[in-house]
Amino acid sequence: MPENVVTRFAPSPTGYLHVGGARTALFNWLWARRAGGTFILRIEDTDQKRNTPTAAQQVMDDLKWLGIQWDEGPDAGGPNGPYLQSQRKDIYDKYIEKLLDEKKAYYCFETTEELDAFRKEAEAQKKSFSYSRPKDFPDSEAAEKARAEGRPVTVRFAVPQEKPIVVQDVVRGEVTFAADEISDFIIRKSDGFPTYNFACVVDDHLMKVTHIIRGQEHLNNTPGQQALWQALFPDAPLPKYAHMSVTVSDTGGKLSKRERPKALRKAIKAAQQIDLEALAAAGDISSEQLDSFIRGKTTPDMPNIDAMAKHLGVALPEINIVDFFKSGYLPETMVNFLALLGWNPGDNREIMQVDELIGTFDLSRLTKSNSLFDRQKLIAFNTEHIRMVSAEKLLGHLKSYLNTVESPMVSADDELLSTIIKLCEGARTLAQIEQKSEFLFVDNDKIKYDDKAVKKVLLKGDGLAVLGIVREKLAAMDELTEQGIEDMLRGLAEEKQVGLGKVAQPLRVAICGTTISLQIFDSVRLLGKENTLARIDNTLKKFQTQI
RNA sequence: GCCCCCAUCGUCUAGUGGCCUAGGAUAUCAGGUUCUCAUCCUGGAGACAGGGGUUCGACUCCCCUUGGGGGUACCA
């Protein structure tokens with residue numbers, strides 16, 4: 001086990017934490033914990049155009065939900081702060097000046113349009129684009145002059161061209177890049193902020209990071225970063241790089257945040273009749289904005305997307321960590337599942353607790369090939385974790401779930417919720433628990449009847465007639481006990497020479513409005529005699545005329 | 001276009017030249033349990049991308065083809 005391991009997760013605060021980011025954070029965290037080292041959270045907010053003010057907080061909230069704690073970070077502090085790159089500009093400037101002085105970097109004045117033209121030319125010649133370095137580097141006076149003339153002033157790093165750059169990667173071995181493939185890249189933008197490729201190198205060194213575990217999408221910036229590191233800190237050993245496989249979506253390509261809006265757009269287009277005004281209102285956007293979204297020109301913010309999906313009753317694919325929370329997954333499930341995407345303990349273990357993961361995790365068992373995010377398997381994992389987690393923890397998870405989805409079930413006290421949880425053994429998600437017991441917390445006259453259920457169970461056959469008999473038998477009972485209800489229903493079924501379902505289902509639809517609920521005996525007992533009878537009466541009155 | 005990475009059941013994966021008649025999980029199929037939804041039990045089917053080498057022997061090593069993915073920004 002290596003000593004003094006320091007890892008970091010360095011998200012750019014552009015929105016919610018998505019599964020890919022969460023997996024990167026998790027691997028860094030697991031490795032730091034396994035080695036007894038330090039895990040740093042660093043916010044890479046050097047792009048002022050893209051950052052949203054609340055995103056950093058959202059990312060931190062999501063990490064906390066997963067149980068990933070950082071030892072150093074924006075709120076936690078630490079000896080290597082600040083941990084927001086936007087607050088480290090002075091540090092970066094110092095190193096950029098040094099490179100400039102040493103002629104290892106130089107000023108450039110091209111506009112975006114000019115650079116685009118160079119790139120097009122390179123492509124036309126079937127070559128990769130490489131910025132042509134000037135023979136003599138412009139001095140600071142020239143930079144001042146260009147600035148005064150209104151030209152953009154950037155700084156590029158002069159990538160050493162003597163020999164190929166070889167990256168030693170923990171998962172991929174030696175990866176060689178020809179020197180002329182690595183173009184002199186910009187390290188300071190015309191707005192004065194450093195680019196990712198520069199800030200990242202400086203910070204990783206200053207924060208004493210020993211292991212850089214990140215997605216394969218960064219493999220191509222690594223030779224540049226490595227060359228920069230060696231120019232800046234020739235005496236410091238390079239960090240260990242580990243480029244993990246990418247998690248791909250079942251729709252092909254990288255698992256991306258765009259999938260949710262895309263799925264919603266598809267659902268809107270597929271819908272037969274649709275009230276666009278109502279939809280826009282539900283999403284809290286204008287009709288014009290909605291129209292523009294449907295035509296694929298713009299994309300509203302995620303909360304608006306979510307609201308519209310809810311309005312239409314369509315389930316969007318979960319991408320962000322919060323999406324999984326809202327779908328009723330446990331953090332334990334997510335951690336376990338994500339850890340197994342591109343890593344495995346080497347034996348047949350799959351369902352694992354965090355401590356077990358920490359105790360087994362090793363960089364040497366990282367997988368090379370990309371993996372597809374399989375939601376079916378996730379559900380199976382969730383079922384297992386719901387079964388395994390302690391009653392106390394599960395109660396806590398359920399309560400925070402009910403709160404965020406604003407379920408009527410929030411009114412239940414801990415005792416009732418615990419009872420319900422026990423009755424829901426085998427549930428796959430917290431959403432399922434909620435779905436099966438929500439009816440207990442809805443007013444008698446606010447029951448929503450599911451069309452299909454009503455047709456199939458009440459209107460077809462003698463459902464209503466049976467319900468009438470059940471009503472009288474229930475009314476005749478002094479006290480509703482589970483045993484009593486069971487005896488009564490089973491007796492009735494036997495008497496009528498039918499299965500229990502024939503008598504239980506009409507009763508279920510009458511009290512829940514749907515065919516899905518807790519076991520029927522428990523459902524009736526928990527609802528109570530008075531409510532049960534009232535709901536049966538409501539149902540009889542409402543549908544008797546429709547036969 | 002150019003650069004880089006990858007390749008075992010549908011999916012996640014075990015496999016480091018003979019332990020492979022290729023193991024597990026999930027999904028799927030058949031059957032069973034069941035008042036709904038789930039759970040649960042039993043059983044089945046299901047993979048080394050193709051072609052060349054190397055070797056006594058290749059899923060394992062090398063090369064090519066094909067396929068997939070990533071990158072190609074004054075984004076990170």
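Atom set for the values below is all heavy atoms of this structure, side chains included, hydrogens, waters and symmetry mates excluded. Note that the coordinates shown come from a computational prediction; the quantities given were computed from them, not determined experimentally. Letters A, B, ... are given to chains in the order of the sequence lines, protein chains preceding strands, and every chain is numbered from 1.
- Taking atom P on both B/C64 and B/C5, the two are 12 Å apart, rounded to the nearest angstrom.
- Remark: the separation of the P atoms in B/G10 and B/C29 is 16 Å, to the nearest Å.
- Both A/Pro11 and A/Phe129 lie close to RNA chain B; mapped to their nearest nucleotides by heavy-atom distance, the more 5′-ward contact belongs to A/Phe129.
- Pair check for B/A45 finds none; no Watson-Crick or G-U wobble contact set falls under 3.5 Å.
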Report each atom pair, protein N/O against N/O of nucleotides 2-4 of chain B, whose distance is under 3.5 angstrom.
{"residue": "B/C2", "atom": "O2'", "partner": "A/Ser128", "partner atom": "OG", "Å": "3.3"}

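- A/His243 has its NE2 atom 12 Å from the P atom of B/G71, to the nearest Å.
- Looking at heavy-atom distances under 4.0 Å, A/Glu486 makes no contact with the nucleic acid at all.
- Across the protein-nucleic acid pair, A/Leu500 atom CG and B/U33 atom P stand 15 Å apart, rounded to whole Å.
- With a 4.5 Å cut-off on side-chain heavy atoms, A/Tyr131 and A/Cys108 count as touching.
- Residue-to-nucleotide contacts include no donor-acceptor pair under 3.5 Å from the side chain of A/Thr154 to the base of B/C74.
- As judged by a 4.0 angstrom heavy-atom cut-off over every strand, A/Arg50 is placed among the base-contacting residues.
- Between A/Arg214 atom CZ and B/C5 atom P there is a gap of 16 Å when expressed in whole angstrom units.
- For B/A76, the OP1/OP2 oxygens have a side-chain nitrogen or oxygen of A/Thr46 closer than 4.0 Å.
- To the nearest angstrom, C1' of B/C75 lies 14 Å from CZ of A/Phe193.
- Toward the 5' end of RNA chain B, the nearer of the two residues A/Ser517 and A/Val246, judged by each one's closest nucleotide, is A/Ser517.
- Residue A/Thr14 holds its OG1 atom at 11.5 Å from CD of A/Glu44, rounded to the nearest 0.5 Å.
- Nucleotides B/A49 and B/C12 are separated by 14 Å at their P atoms, to the nearest Å.
- Between A/Phe543 and A/Tyr449, the ring centre distance stays below 6.0 Å.
- Nucleotides B/A45 and B/U16 have their P atoms positioned 26 Å apart, rounded to a whole Å.
- Taking a pair to require two hydrogen-bonding distances under 3.5 Å in either a Watson-Crick or a G-U wobble arrangement, B/U36 remains unpaired.
- Note on A/Arg349: nothing from the nucleic acid sits closer than 4.0 angstrom, heavy atoms only.
- Within the nucleic acid shown, A/Arg119 comes within 4.0 Å of sugar-phosphate atoms alone, with no base atom in reach, counting heavy atoms only.
- In this structure, A/Arg508 reaches the bases: a heavy-atom distance under 4.0 Å links it to at least one base atom across the strands shown.
- The aromatic rings of A/Tyr241 and A/His243 lie parallel to each other, their planes meeting at an angle below 30°, with 60° marking the opposite boundary.
- Comparing B/U55 with B/C62, their C1' atoms are spaced 12 Å from each other, to the whole Å.
- For B/A76, one of the phosphate oxygens OP1 or OP2 lies less than 4.0 angstrom from a side-chain nitrogen or oxygen of A/Lys189.
- In this structure, A/Asn336 atom CG and B/U26 atom C1' are separated by 13 Å, rounded to whole Å.
- A distance of about 36 Å separates the C1' atoms of B/U72 and B/A14, rounded to the whole Å.
- The partner of B/A7 is B/U66, judged by Watson-Crick or G-U wobble contacts that both fall below 3.5 Å.
- Atom OH in A/Tyr16 sits roughly 23 Å away from atom P in B/A76 (whole-Å rounding).
- The CD-P distance, from A/Glu438 to B/C37, rounds to 19 Å in whole Å.
- Under the side chain to side chain contact (heavy atoms under 4.5 Å, CB included) rule, A/Gln435 has a single partner from A/Leu430, A/Thr429, A/Ile516, which is A/Ile516.
- Base contact: A/His218 has a heavy atom under 4.0 Å from a base atom.
- Centroid-to-centroid, the aromatic rings of A/Phe193 and A/Tyr92 stay 6.0 Å apart or farther.
- Other residues, nucleotides and ligands contribute only 12 or fewer heavy atoms inside 6.0 Å of the NZ atom of A/Lys456.
- In this structure, A/Leu232 and A/His205 have side chains that are not in contact, with every pair of non-hydrogen atoms separated by 4.5 Å or more.
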*Could you write nucleotides 8-16 of chain B as a row of B, S and -, 5' to 3', where a protein heavy atom under 4.0 Å of any base atom gives B, of only sugar-phosphate atoms gives S, and otherwise -?*
--BBBSSS-
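- For A/Phe373 and A/Phe337, the ring centers sit closer than 6.0 Å to each other.
- B/C5 atom C1' lies 10 Å from atom CG of A/Asp169, rounded to whole Å.
- A salt bridge links A/Arg349 with A/Glu356: at least one charged nitrogen is closer than 4.0 Å to a carboxylate oxygen.
- In this structure the side chain of A/Arg42 reaches within 4.5 angstrom of the side chain of A/Asp203, judged on heavy atoms.
- Spacing of C1' atoms, B/C75 relative to B/C61, comes out at 41 Å, to the nearest Å.
- Separating the C1' atom of B/C2 from that of B/G44 is a span of 49 Å, rounded to the nearest Å.
- In summary, the aromatic rings of A/Phe361 and A/Trp343 are positioned with their centroids under 6.0 Å apart.
- If you check every strand for non-hydrogen atoms under 4.0 Å, A/Thr514 touches nothing.
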